[in-house]
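Here is the structure we will look at, set down as structure tokens.
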Amino acid sequence: MELEELTDIFYTSDKKGQVCRVKLNASGFTLQRESTGGRSREQVIDLNDIVGSRCIVVKKDRRGCSMLCTSAMQTDGNRSDSGDDTKRKSNSVTFEHKDASAYLYVFAYILNKKHLRNIIRRERTVLKLRFRSFDTFGDNMREAERWYQTVRAFKGHSLGHSDTDERRILVLLNPKSGSGKAREIFNRQVVPVLNEAEQSYDLHVTKHANYAREFIRVKILDNYSGIVAVGGDGLFFEILNGLLMRADWMEARNIPLGIVPCGSGNGLARSIAHVCGEPYEPKPILGATLTLLSGKSMPMDVVRIQQQNQILYSFLSVGWGLISDIDIESERLRSLGYQRFTIWTLHRLISLRTYRGKVSYLPKESFNMESDTMSLADPLPLKHSRSCNTCLDKLHNGCFQSTDCIETSKYYDVISLQNSINQSLQSRCDSWFSPASCRSTYHSVSESIYHSVADESDAESRLQLSNLSVHLCGPTGSAPTLDEPVPSTWVVEEGEFVMVHAAYQTHLGSDCYFVPQAKFNDGIIYIVIIRSGISRSQLLNFLMGMSSGTHVPITNNEYVKMVPVTAFRIEPYDNEGILTVDGERIEFGPLQAEMLPGVVHVMAPK
Ligand code: ADP
Ligand code: MG
């Protein structure tokens, strides 16, 4: 259907006599201002930057002051075009208007490149159009609504929505993530933008660790156009694992996943912004919220982790040795606040530990480190997990390794060393200091157009859990199982290691640029191996270079190397040590990781 372009002439109220020709079409709004000298100035508000619009009624209060009210039709949460027209009109005329004008407010978030100190960021811009060509308020309102409907239609068209689409998103919020402010951040910063966009959502607040994983594993997802984590990477990790452990994971994996970074580890949100060229700081929440509304998604690689007793799906990293040790062990110094991380790093540098073991990997063939135009990974013919074997059954029975990582404090930088250490190294658990309870209630937010389904779904989850088949599934690749020998095509390195840390996103935290060349769907795991024998100053340089992505030498050397691989196996010879997946501590023991290219989809900025 061809959408009709609208044009009209408006007069600005501030500068008398200024005329503005306004055009609305598939590109957005074009405002042509004509000044007295006959010269005209054009401003374009790109449709991509517009999140939504509202018809506004100006109501006079008793003292004669103007107040803005949104028109009834958009506050009742009914986004359907077949809204009750009679009710709408009668609601509108209940206001007493001395002024017959109706207003249209258009909400846009425009990239501002001229900002101080060259910081590029999006700024909220509200375009206000006053309709007063007609004598009666009703007619002016009708005209404003015609523009409103046209904005909606162009937006819907550009996002590929049909009028009948239910575009509800499912939001899981971890009240304990980061410094425990996720609820507040959601209500204050995310909800207003979702409301401007008339994006409906269901909010569920997690009650405990692994709540989100179980919730997503059994939830009926048919009506959702996306699933969003409001929290840190740990919450996203739970959602990802819940999704891929569903019996219908093959379909469910197509639901775009999003994240609003409220955690202490925000590697994913930072990486999404980075690869898509969107500003992250100083407004990561706004950027991430706009991403939820973009209607765009991109395939994301997932790494399948096999251990003796469990299968996990990872989107960020796997670590053994130095970085994981600092990340997890420094939690005991959490009372020192931001300093703990630096102190623990120095401590670990002085009493450097090495680990004996074997690291085997399958190098990514025909990979050219120099080439920056990397092709997308070939999609792997995905298979269900080979069998519903003991380890998968164990998962079902609740043996999913729970994350131990719960204590924490924030670290912050006083010396440059700290800068170099990424947020993924912070404990994920500022949460424990949070005074907020973890009730699974939801906030009622003024103008909110969601309704929570927390209670029903609890019942639903319980019901479904009890009916759950023991045949748990999930995608698998072609690597051998952990108890089989590695194939001859794999490279095997044996010896003493300071660290083995593999990553598949650019950032492990908002300040850790770990793999500058990583892409979301390149099918590559970058494994960084540091061997014993490295000098402390070399190690210090490595750690300090992590914030700028300069930690890995351009050419691999005797002690430090980064290898692009598609699978690897870590076999520690000792019984003790720390292993992390996506920053969360997992059971220590042999581990195999295999790349599954583009298995899920993440929401991407426009
Ligand atoms: P952060 O980035 O601060 O670590 P995350 O959202 O990543 O925040 O979550 C940290 C950990 O908290 C994860 O291991 C997650 O499983 C766990 N978790 C999730 N919900 C809750 C809750 N309601 N109470 C306690 N822990 C939770
Ligand atoms: Mg990648």
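Order of appearance sets the numbers: ligands from 1, and atoms from 1 within every ligand.
Looking at Pro175 next to ligand 1, no N or O pair under 3.5 Å apart turns up. Checked against a 3.5 angstrom limit, the closest N/O atoms of Gly231 and ligand 1 fall outside it.
Taking each of Glu238, Lys207, His208 in turn, the one with a heavy atom nearest to atom 16 (O) of ligand 1 proves to be Glu238. By heavy-atom distance, the residue among Thr206, Val230, Val205 lying nearest atom 20 (N) of ligand 1 is Thr206. Of the candidates Ala209, Gly263, Ser179, it is Ala209 that places a heavy atom closest to atom 27 (C) of ligand 1.
When non-hydrogen atoms are compared, ligand 1 lies under 4.0 Å from the backbone of Asp233 (N, CA, C, O) but not from its side chain.
Listed by number with element, the atoms of ligand 1 under 4.0 angstrom from any heavy atom of Leu235 are 5 (P), 6 (O), 7 (O). Interface atoms of ligand 1 facing Glu584, defined by a heavy-atom separation under 4.0 Å, are 13 (C), 14 (O). Close approach to Gly178 involves these atoms of ligand 1, each under 4.0 Å from a residue heavy atom: 1 (P), 3 (O), 8 (O). Heavy-atom proximity to Gly234, at under 4.0 Å, picks out these atoms of ligand 1: 5 (P), 7 (O).
Judged by distance alone, the side chain of Arg304 and the main-chain N or O of Pro475 form a donor-acceptor pair under 3.5 Å.
Taking the six-membered ring for Trp, Phe315 and Phe236 have ring centres closer than 6.0 Å. The aromatic ring centroids of His274 and Tyr513 lie less than 6.0 Å from each other.
Closest of all the heavy-atom pairs between Ile216 and Arg246 is O-NH1, 2.7 Å.
A 6.0 Å sphere centred on CZ of Arg353 holds more than 12 heavy atoms belonging to other residues, nucleotides or ligands.
At a cut-off of 2.8 Å, Val515 is not counted among the residues with an N, O or S atom near the Mg ion (ligand 2). With 2.8 Å as the limit, Asp522 counts as an N, O or S neighbour of the Mg ion (ligand 2).
Atom CG of Leu312 is separated from atom CD of Gln307 by 6.0 Å, given to the nearest 0.5 angstrom.
A side chain to side chain contact (heavy atoms under 4.5 Å, CB included) with Ile272 holds for exactly one of Met298, His507, Met300, Glu278; it is Met298. Exactly one residue among Ile529, Val560, Val528 makes a side chain to side chain contact (heavy atoms under 4.5 Å, CB included) with Met499. That residue is Val528.
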